[in-house]
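Working notes, structure below.
If you're wondering where the values come from, they're calculated on a predicted model, not measured in any experiment. Each chain gets a letter, A, B and so on, in the order the sequences are listed, and its residues count up from 1.
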Protein chains: 2
Amino acid sequence: MVRPREFNEEQALHAAMELFWEKGYEATSLSDLTAKMGIQRPSLYAAFGDKKELFEAALRKYNQFHASYVRTRLQSVPSVKEALRSFFMGIVAEAYEEVPNRGCFCLNVMVELAPHDAKFEVLTREHQMYLAAIFQETIERGIRSGELGKHVNAKALAQTLVVSMIGLTVLMKSRPDRTFADNAAATVVALLE
Amino acid sequence: MVRPREFNEEQALHAAMELFWEKGYEATSLSDLTAKMGIQRPSLYAAFGDKKELFEAALRKYNQFHASYVRTRLQSVPSVKEALRSFFMGIVAEAYEEVPNRGCFCLNVMVELAPHDAKFEVLTREHQMYLAAIFQETIERGIRSGELGKHVNAKALAQTLVVSMIGLTVLMKSRPDRTFADNAAATVVALLE
DNA sequence: CCAGTTACATACCGATCGGTATAATATACT
DNA sequence: AGTATATTATACCGATCGGTATGTAACTGG
């Protein structure tokens, strides 16, 4: 005995995610959101709560998407070294292609909101830990296959790769010289040798 | 034949820098600024121009301060390895002490504004290049003193240190476990071996 | 001590912010 | 078909946004 929604919540949330990802929390207005989501303001509040709650839902959606994206990229290549090389080179290449360079939504949130909002501090930290676990899985796969030495500390190396990934992604926001970016990516990969 | 300023421009700009550093561009209002700077709104516009111009002046001031801070820290320790170790450990230690964790103002700007504003893209890129040059100087000093091998590629290593510094600084915004942060910092230093 | 110039404080501007009250509309169950 | 219920669209809310006009106070050169 109800009137059904005329919009797809999933699509609307996706649109909100893209907007927040590109512009950040403060710079995105409710008018921006309703326009891009294709819904009216009261519908947004009924479906997602206030701006912060919508933002949190968007970040959770991004983190899920991003984690599975990273896992897929690393698992789809048989060689662990080659998978990681392709992954880090991809960060550089995609940053040059994209305008504006959105980078990683989760990192953007770490910078804009995590220092002032405990909820986002936790949410972003958990995602980084999760990414570290994905890297660790991959490294352990390389150890098992003999591609990496048995003496490699998988956990420590994974954490280092997370730091390098963050550094590379954020560095790309300033669009450094291609040589700088390529060299930085190459040096990260060289950590595996 | 004029009335002199009642406020110190240097101090006022410093106050603005601290506010922008802590809260970012969008989240800092003119009311916040005039309150902390201790001046009235028309005085702010007369002395510094509009909000964006004031922000740019604040960033330039920060970059100067930050570059000389980094240079001093790296030069004040005779051992290059020890200087770099202390520097990266310091990033971790200071992040835990500071609440909220402001991180690096220039990195905050890279994330919030550089992708949408060419002026800040250039300004932040130049600072990263400058930091890379400082690291390179330090590494070359280590090579000359024999502390580092002659085969070391100073420029490439310096660029890698910049990426690691960025990654570590941004990671700290999510306040990761102490073990994660310490290990990440230690692995960066291990690059020198 | 007056004239000219600049900075000060207050008060205000239109625009936009996030959020909501209201009322018309569309559906499902009885 | 009628009624209860949820969604829609419009219009509106007070607050705050960045920015400025206005008039008064303070100083200096003549």
Looking at [X], does any N or O in its side chain come under 4.0 Å of the phosphate oxygens OP1/OP2 on [N]?
X       : N      : answer
A:Ser43 : D:dT8  : yes
B:Gln40 : C:dA9  : yes
B:Ser31 : D:dT16 : no

Whole angstroms only, please: what is the [atom1]-[atom2] distance between [X] and [N]?
X       : N      : atom1 : atom2 : result
A:Phe7  : C:dT27 : CZ    : P     : 15 Å
B:Tyr45 : C:dC13 : OH    : C1'   : 13 Å
A:Lys51 : D:dA15 : NZ    : P     : 19 Å
A:Glu26 : D:dT16 : CD    : P     : 14 Å
B:Phe48 : D:dG19 : CZ    : P     : 15 Å
B:Asp32 : D:dG19 : CG    : P     : 14 Å
B:Ile39 : D:dT20 : CD1   : C1'   : 15 Å
B:Lys52 : D:dC17 : NZ    : P     : 17 Å

Straight-line distance of [X] [atom1] to [Y] [atom2], nearest 0.5 Å:
X        : Y        : atom1 : atom2 : result
A:Ile139 : A:Lys81  : CD1   : NZ    : 12.0 Å
A:Lys173 : B:Gln128 : NZ    : CD    : 13.5 Å
A:Tyr69  : A:Asn63  : OH    : CG    : 15.0 Å

Exercise. When A:Phe55 is tested against each of A:Tyr62, A:Phe48, A:Phe20 for ring-ring contact (aromatic ring centres under 6.0 Å, His included), which residue passes?
Worked result: A:Phe20
Problem set entry | 5' priority, DNA chain C, between A:Thr28 and A:Pro42 [closest heavy atom] | A:Thr28
Exercise. A:Thr34 near the nucleic acid: base, sugar-phosphate alone, or nothing, with a heavy-atom cut-off under 4.0 Å?
Worked result: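 Touches nothing.
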Nearest of [options] to any side-chain atom of [X]?
X       : options                : result
A:Leu30 : C:dG18, D:dA21, D:dG19 : C:dG18
A:Asp50 : C:dC8, D:dG19, C:dG19  : C:dG19
B:Ser29 : C:dG18, D:dA21, D:dC17 : D:dC17

Problem set entry | Of A:Ala46 and B:Arg41, the one whose closest DNA chain D nucleotide lies more 5' | A:Ala46
Exercise. Under a 4.5 Å cut-off applied to non-hydrogen side-chain atoms, are A:Leu33 and A:Leu54 in contact?
Worked result: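 Yes. Closest side-chain heavy atoms under 4.5 Å.
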